[in-house]
Amino acid sequence: MTKAASVIHWFRLDLRLHDNLALRNAINEAENRKQTLRPIYLLDPDLKNKVGKNRLRFLIQSLRDLDANLRKINTRLFIIKGNVECLPQLFEKWQVKFITLQVDIDAELVQQDEVIEQICEEKDIFMVKRVQHTVYDFNTVLKNNNGNVPLTYQKFLSLVANTQVKDSIEITKEISNDCKAPDFDSTENDITILEDLGFSEADLNECKYPGGETEGLKRLNLYMAKKQWVCNFEKPNTSPNSIEPSTTVLSPYISHGCLSSKLFYHKLKQVESGMKHSSPPVSLLGQLMWREFYYTAGAGTKNFDKMVGNSVCTQIPWKKNEEYLKAWAEGRTGYPFVDAIMRQLKQEGWIHHLARHMVACFLTRGDLWVSWEEGAKVFEDYLLDYDWSLNAGNWMWLSASAFFYKYYRVYSPVAFGKKTDKEGLYIKKYVPELKKYPSEYIYEPWKAPKSVQTAAGCVIGENYPKRIVDHDKVHKDNIQRMNAAYKLSKEKKALKHYLCRLKRPCNVAKRNQRRHYTFQSKAFSE
DNA sequence: AATCAGGTTGGAAAC
DNA sequence: AGTTTCCAACCTGAT
């Protein structure tokens, strides 16, 4: 009788066995009740319209690896082809009494969660949610700051300075046959191939970063073994345009939850201990803390991924310009460094953090004056390591809409890349039309004499686009526009403040608070 | 209230 | 070559 009932762990952005408390909760509960354990993943067929090919491939690879790892402990992954609307049916079909999942903060997932929580309540299904995607529980961090979002990195660091980080857990014990699903060997719901989602492997570029927990852990161990390198790491001194990545590229594994940020934290602490090492914000640990910072900000701010209705975001009158946006996204702005970066992004799904700075500044306040929201959407498509909070937060940073305010510091699409790649080898790799250009002109091919252009087999305006804007001129105009936008925003703030004080002392902290979902039950132990 | 220090990573020119 | 200064001047958080 009890055999028919099931316990579900709903995998989302936690595609791993290690440091997965919610999964362990599900396993223990299934064992205690002698019920069927069903680890599930909802694979939305509509995803192919929302997510770029490379990221989709990374996801599929991660799911396959997850399934393989689950089989090692006598269970498997059940892939459900459908979206969240399938869940009520599954609850019926499998007689679900207990469900576990991790807390995610992407606005869309949060909305889904509300619906599911409601359904579980109605059907008397016990739900366990665990904060395990970040090192710190952002609700606690916000509480420590009186419900206010910390607006600087240093402030964030001070808020977590005395927080003990729990150990990362392991799940290695095989589950008993009592909990094994009766349809364990069914292949009905296997992920067959990418064709299921409308792609064939042939459409795709070479796979530089294969998805999955196994790969993520391998990569982590590879880099943590280089102790000297880890301890000397300083982000601003790494190169955005080296041919091979100058940083770890652990980010796609962390964003998909193939790798636990908490495990990364402890490994870093271990490597640093007893050694002279760099510190936040520039150290590797500092990079992880940036992620925590943006997660906290994202969790505590309504409409964090939008400009309007976002309390931390300065309102700037960006202009719609489809032509500019397309030229930028497709890597044909006529600025070779910008185009090389955008093409690497599209091909490989990963670009260096400083390369992201370059192109983000260029699209927004630097040159094209297009909204950061548009750029964020393009990054969402292409980045393997796309992450809701980090993407919105960094775009606001670079567009000087929040967190960073020195808008008069503008990246030059000509000068910036030269610092680390004078020869322009990076450009020659990703913008092959220009590969025969002399290094002298590689960052500014329009300056090459016609004879040089012809000799290099690439005439500007014919074989490679003319630059769409004149950076030297336009970036100065844009600084003035930023100046005006800041002034207006300041006046509005002052007026609001004044009106607020006229009425009643208003509690900004309370107004900015957003509903948080954290599971807290004294009856349920880990 | 007013002031001050500090802020992950700018560029160009001057030493 | 590597550091300093100017450019024109932002914001937050602390006091």
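Numbered from 1 within each chain, the chains take letters A, B, ... in sequence-line order.
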Checklist outcome for this item: Side-chain contact check for A:Ser412: nearest option of B:dG11, C:dG13, B:dT8 is B:dG11
Checklist entry - A:Tyr136 vs A:Tyr265 aromatic rings, parallel, tilted or perpendicular, using cut-offs 30° and 60°? => result perpendicular
Checklist entry - If you look at every strand shown and take non-hydrogen atoms under 4.0 Å, does A:Gln154 touch a base, only sugar-phosphate, or nothing? => result sugar-phosphate
Item to check | 5'-to-3' dot-bracket of DNA chain B (Watson-Crick, G-U; under 3.5 angstrom; crossing pairs as [ ]; | other strand) | outcome: .||||||..||||||
Checklist entry - Mind checking whether A:Glu433 and A:Cys458 have side chains closer than 4.5 Å, heavy atoms only? => result yes
Next on the checklist: Heavy atoms from C-beta onward define the side chain here; which of C:dA9, B:dT8, B:dG10 lies closest to that of A:Tyr407?
Outcome noted: C:dA9
Checklist entry - When rounded to the nearest Å, what value does the distance between C1' atoms of C:dA9 and B:dG6 take? => result 14 Å
Checklist outcome for this item: Which of B:dT8, B:dT9, C:dG13 is nearest the side chain of A:Thr152? It is C:dG13
Next on the checklist: Once you apply a heavy-atom cut-off of 4.0 Å, does A:Asn483 come out as touching a base, just sugar-phosphate, or nothing?
Outcome noted: sugar-phosphate
Checklist entry - Counting side-chain heavy atoms from C-beta on, which of B:dT9, C:dC11, B:dT8 comes nearest to A:Tyr486? => result C:dC11
Next on the checklist: I'd like to know if A:Lys418 and A:Asp421 make a salt bridge, using a cut-off of under 4.0 Å between side-chain N and carboxylate O.
Outcome noted: no
Item to check | Gap in Å between the two P atoms, one belonging to C:dA14 and one to B:dT8, rounded | outcome: 14 Å
Next on the checklist: Categorize A:Lys490 for me: base, sugar-phosphate, or nothing, with a 4.0 angstrom heavy-atom threshold over every strand shown.
Outcome noted: sugar-phosphate
Next on the checklist: If we check side chain to side chain donor-acceptor pair (under 3.5 Å) with A:Asp477, which of these qualifies: A:Arg481, A:Lys473, A:His475?
Outcome noted: A:Lys473
Next on the checklist: In whole Å, I'd like the distance from the CH2 atom of A:Trp397 to the P atom of B:dG10.
Outcome noted: 10 Å
Checklist entry - When all nucleic acid strands are considered with a 4.0 Å heavy-atom cut-off, which category describes A:Lys155: base, sugar-phosphate, or nothing? => result sugar-phosphate
Checklist entry - What does A:Phe416 touch in the nucleic acid at a heavy-atom separation under 4.0 angstrom: a base, only the sugar-phosphate, or nothing? => result sugar-phosphate
Checklist outcome for this item: Looking only at B:dT8, B:dT9, B:dG11, the nucleotide nearest the A:Ala415 side chain is B:dG11
Next on the checklist: Do A:Pro336 and A:Pro445 have side chains that approach each other closer than 4.5 Å (heavy atoms only, starting at C-beta)?
Outcome noted: yes
Checklist entry - Nearest of B:dG11, C:dC11, C:dT12 to any side-chain atom of A:Lys419? => result B:dG11
Next on the checklist: Over 60° means perpendicular and under 30° means parallel, so tell me whether A:Trp397 and A:Phe404 are parallel, tilted or perpendicular.
Outcome noted: parallel
Next on the checklist: Mind checking if A:Lys476 touches a base, just sugar-phosphate, or nothing, with heavy atoms under 4.0 Å?
Outcome noted: nothing
Next on the checklist: Give me the distance, rounded to whole Å, that separates C:dG13 from B:dA1 when you measure between the C1' atoms they each carry.
Outcome noted: 15 Å
Checklist entry - Given the P atoms of C:dA8 and B:dA14, what is the spacing between them in whole Å? => result 15 Å
Checklist entry - Between A:Tyr408 and C:dC10, do the rings stack, that is, sit under 5.5 Å apart with planes less than 30° off each other? => result no
Next on the checklist: Between A:Arg291 and A:Asp387, is there a side-chain heavy-atom distance shorter than 4.5 Å?
Outcome noted: yes
Checklist entry - Relative to the ring of A:Tyr153, is the ring of A:Phe293 parallel (under 30°), tilted (30 to 60°) or perpendicular (over 60°)? => result perpendicular
Checklist entry - Side chain of A:Leu151: nearest nucleotide among C:dC11, C:dG13, B:dG10? => result C:dG13
